[in-house]
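Order of the sequence lines fixes the chain letters, A, B, ..., with proteins taken first and strands second; residue numbering starts at 1 for each chain.
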Amino acid sequence: MGEATSIWEKLGFRKASGVSEAGWGQTLFAGIISLIYFLPVLLIIITSFKLQTEALSIPPKFMPTNLFGLIPDAYVFSPTLENYTSVFSRAMTSGGAAENTGFDRYFFNSIMIASVSVLLALVIGTLAAFGFSRYPLKGNDTYLFVILTTRMLPAIVVIIPVILMFRVTGLSGSYLGIIMLYTAFNLPFTIWMMKSFFDELSLDVEDAARLDGSSGLKVFFKICLPQVLAGLAATFVFGLILTWNEFLFALLLTGIDTRTVPVAMSQAVAGGGIGVLWGLLAAIETLFLIPVFFVTFFLQDHLLRGVTFGTVKR
Amino acid sequence: MTSTTAQTIPTTFTTVAPDNWKLAIVVGLVVSLLACLILPPNISFWIVGAMVAMVAMTFVVNAYHRHYYGGLLVSPAIAVLVVMNIFPLLWSLGLSFFAYQSNQQTIRFVGLANYVKILTDDLKAPENWANLTNTAMFVVLTVTAQMIVGFLLALMFAKQFPLRKYLLILVLTPMMLSVVAVGVFFSNYYDPTFGLLSYFIRLFTGEQFILMDNKAGAVAGIVFADAWMWSPFVMLLVLAGLVSVPKYLYEAAAIDRVSGWRRFWSITFPYIRGLLMLALLFRTIEAFKMADLVILLTKGGNGTMTISYHLIRIANEQNKTSEGAAISYVMLFIVIVLTNLYLYIANRRTEGA
């Protein structure tokens with residue numbers, strides 16, 4: 001190995017490889033950085049176990065226990081699960097009986113709408129990306145750019161024609177309408193991202209397969225698709241995250257039956273004129289985080305395995 | 001590439017054939033325009049839809065006849081985009097030439113008057129201009145911060161070390177949060193009385209610290225929250241590029257004793273360039289549309305009004321639909337120029353390399 005270490009190597013550029021090894025030292029370093037980065041989320045999660053009176057206290061109460069007297073009582077709160085139960089059922093008026101808030105339905109809606117539309121966008125978008133990458137049309141770049149343009153306008157401008165269109169076609173408040181809209185909303189990113197992955201692949205293997213008489217379909221499924229699995233996983237995760245948290249379209253285009261969690265969340269936290277219900281908001285957000293957190297976690301392996309298929313670059 | 005050029009019957013422009021898409025577009029446009037002008041909207045809607053379907057059909061038939069597999073592969077995506085995105089886009093483009101308010105029934109053609117008004121009106125032009133410069137400032141600051149932080153985080157995770165996947169998911173979490181929750185909780189963290197930030201600063205200085213009371217502080221607060229939320233996006237894209245670099249290239253470079261800096265530029269960078277551009281492109285587009293964090297953190301005060309928030313106010317709260325559409329098309333024009341510049345630079349680099 002070359003011993004001459006430049007400043008750049010000391011800064012870490014030397015090991016900028018997907019597969020190079022580093023030891024526990026790197027774990028420690030990355031651990032500290034990651035925890036600092038995660039801190040605001042951690043505070044939200046902690047808040048979800050606090051009562052409204054403790055949520056805003058100064059000094060901040062950030063410990064659920066006093067660790068056998070190690071932590072001064074001023075920093076300790078008594079954890080409660082009340083926020084989590086009141087996500088699903090609570091008294092809507094002061095002094096009223098606890099009612100079902102409908103959040104179980106909203107969670108189901110969010111999961112259904114996001115997963116169906118992202119998968120749909122992934123199928124359609126990957127086909128299109130393969131088309132754009134391997135069979136360039138006349139004016140290919142122009143088409144790609146027009147597709148990108150659809151993402152450039154603020155949603156508020158597109159929303160008025162969309163509302164009119166949905167009203168005329170009766171799609172307003174239906175699952176089909178919002179799923180199709182989100183599919184279209186995810187397509188530009190899916191196409192651009194998958195195209196950049198297909199573009200990186202070596203053509204040699206494909207050409208060899210074609211010479212051996214494989215059909216275009218077989219080349220796509222047997223040779224190209226396995227190589228871009230990491231890309232598919234990454235695109236799926238991005239699409240899921242963006243769709244999961246989409247607010248404006250959901251606010252204006254979903255009905256009472258198809259309402260998604262972000263919309264319901266913004267309505268629930270407003271409270272009855274008593275300010276933000278911190279614990280409740282934190283509990284909703286924490287519950288809402290769990291599905292997408294685990295999907296990302298389980299797709300991570302795919303995401304990071306590295307596409308070392310033995311590709312010969314161009 | 002390998003698409004065989006089959007002999008097609010030479011169709012001239014006027015031939016009525018199922019694959020003559022040029023004629024279909026012209027007929028479709030004329031019929032749609034007439035329908036929009038003469039018929040009530042709920043009938044003309046279906047006619048425009050039928051025309052779009054007709055044009056789409058001709059494209060598919062044409063592609064099939066010519067063995068244009070590219071055309072066939074992209075057609076489902078194009079169909080969804082046309083119905084759900086491009087059609088509403090064109091509709092709002094049309095609206096920008098009319099005087100129309102969504103709470104009124106009247107609609108009147110005014111040509112370019114909306115554009116003239118937002119660009120030259122004594123009251124509106126300086127306001128729009130100020131919002132635009134604010135937006136530009138946010139774009140530059142947030143995108144720069146996201147690219148730098150995201151890139152450094154990706155470098156940190158581009159190695160194999162124990163517990164890597166558990167730490168990576170912690171860093172990815174911020175972008176999974178709902179922007180409503182992020183905005184509300186960051187406004188709590190920044191709060192001068194109850195906020196953590198002021199609490200810790202007060203511990204050191206003993207004075208009350210108010211972040212959001214001047215422009216620099218308000219901008220810093222918004223940029224920090226936005227960069228925190230979206231740096232993982234850049235990180236994930238860059239990381240996907242970094243892990244796709246074949247190991248043997250580094251091994252070869254090590255044998256040839258290539259310096260670290262050169263190794264980065266000639267091996268690593270070509271692999272991540274496309275994804276870096278993609279991250280830059282999408283973050284810039286999203287940053288131009290930034291409104292929700294501004295609404296939740298400052299409500300546009302202290303010189304943090306962005307063009308997108310202004311648009312929400314105009315189009316949603318004041319119901320000035322067509323004026324909003326005009327502003328957004330001016331904005332679209334700027335974004336298109338900017339993204340074309342990006343793509344031009346990116347492509348020139350590709351050809352040069």
Side-chain angles (χ1 to χ4, degrees), chain A residues 1-2 6 8-9 12-22 26-27 30-31 34 37-38 41 44 56 58 60 124 127-128 130-131 135 137 150-154 156-158 160-162 168 180-181 183-184 187 196 234 241 245 262 265-266 276 285 289 292 296-297 300 304 306-308, chain B residues 1 3 42 45 69-70 73-74 76-77 80-81 84-85 88 91-92 155-156 158-163 165 167 169-173 175-176 178 180-181 184-185 194 196 199 240 242-247 250 254 257 259-261 264 268 274 278 285 289 308 311-312 315 321 325 328 332 335:
Chain A
M1 295 291 284
S6 68
W8 292 107
E9 293 186 49
F13 284 97
R14 183 168 52 128
K15 293 209 176 95
S17 144
V19 275
S20 75
E21 296 280 334
Q26 180 75 14
T27 306
S34 310
Y37 210 83
F38 187 68
V41 186
I44 294 179
L56 286 181
I58 285 290
I124 298 176
L127 285 178
F130 191 70
Y135 307 95
L137 304 164
T150 61
R151 280 306 296 274
M152 290 178 188
L153 273 187
I156 187 78
V157 183
V158 193
I160 294 156
V162 171
V168 172
M180 288 315 287
L181 194 68
T183 307
L187 268 176
S196 82
I241 288 168
N245 288 313
M265 184 184 341
S266 72
V276 178
E285 180 56 65
L289 186 62
V292 69
T296 313
F297 185 72
Q300 235 191 97
L304 299 175
V307 260
T308 43
Chain B
M1 224 187 64
S3 60
N42 52 350
F45 176 86
Y69 296 117
L73 284 170
V74 302
V80 173
L81 280 172
M84 288 290 164
N85 265 335
W91 192 327
S92 61
L155 282 183
M156 187 173 85
K159 297 162 213 181
Q160 192 56 55
F161 54 83
L163 303 178
K165 56 187 289 200
L167 297 178
I169 191 80
L170 291 187
V171 174
L172 288 179
T173 316
M175 74 172 171
M176 302 173 201
S178 165
V180 177
V184 173
F185 270 94
F194 303 110
L196 279 179
Y199 172 72
L242 284 179
V243 296
S244 71
V245 183
K247 198 181 179 182
Y250 287 113
R257 307 182 70 126
S259 76
W261 182 234
F264 175 76
T268 315
L278 201 65
I285 291 174
K289 302 196 290 189
S308 191
L311 211 56
I312 291 181
T321 313
S328 66
L332 180 67
V335 183

Ranking Thr173(B), Leu311(B), Thr321(B), Leu163(B) by heavy-atom pairs under 4.5 Å to chain A gives rank one to Thr173(B)
Engaged part of Leu196(B) at the chain A interface, taking heavy atoms whose separation is under 4.5 Å: side chain
Nearest heavy-atom approach of Thr27(A) to Leu167(B) is O-CD1, 3.7 Å
Identify the heavy atoms of Ala184(A) and Asn85(B) that sit nearest to each other, and give their distance. O-ND2, 3.4 Å
Can a donor-acceptor pair be found, under 3.5 Å and without considering hydrogens, that links the side chain of Ser178(B) to the backbone of Pro262(A)? no
For the backbone of Pro162(B) and the side chain of Gln26(A), can you confirm whether one donor and one acceptor N or O come within less than 3.5 Å of each other? no
Closest non-hydrogen atom pair, Leu289(A) against Met176(B): CD1-CB, 3.6 Å
To the nearest 0.5 angstrom, please state how far the CZ atom of Phe297(A) sits from the CG atom of Leu172(B). 11.0 Å
Atom group of Leu187(A) that falls short of 4.5 Å from chain B, counting heavy atoms: side chain
Is chain A contacted by the side chain of Ile285(B), its backbone, both, or neither, given a heavy-atom distance below 4.5 Å? side chain
Can you tell which part of Thr150(A) gets under 4.5 Å to a heavy atom of chain B, answering side chain, backbone, both or neither? both
Option passing side chain to side chain contact (heavy atoms under 4.5 Å, CB included) with Ile124(A) (candidates Val74(B), Val80(B), Leu73(B)): Val80(B)
Does any backbone or side-chain atom of Leu278(B) lie under 4.5 Å from a heavy atom of chain A? Answer side chain, backbone, both or neither. side chain
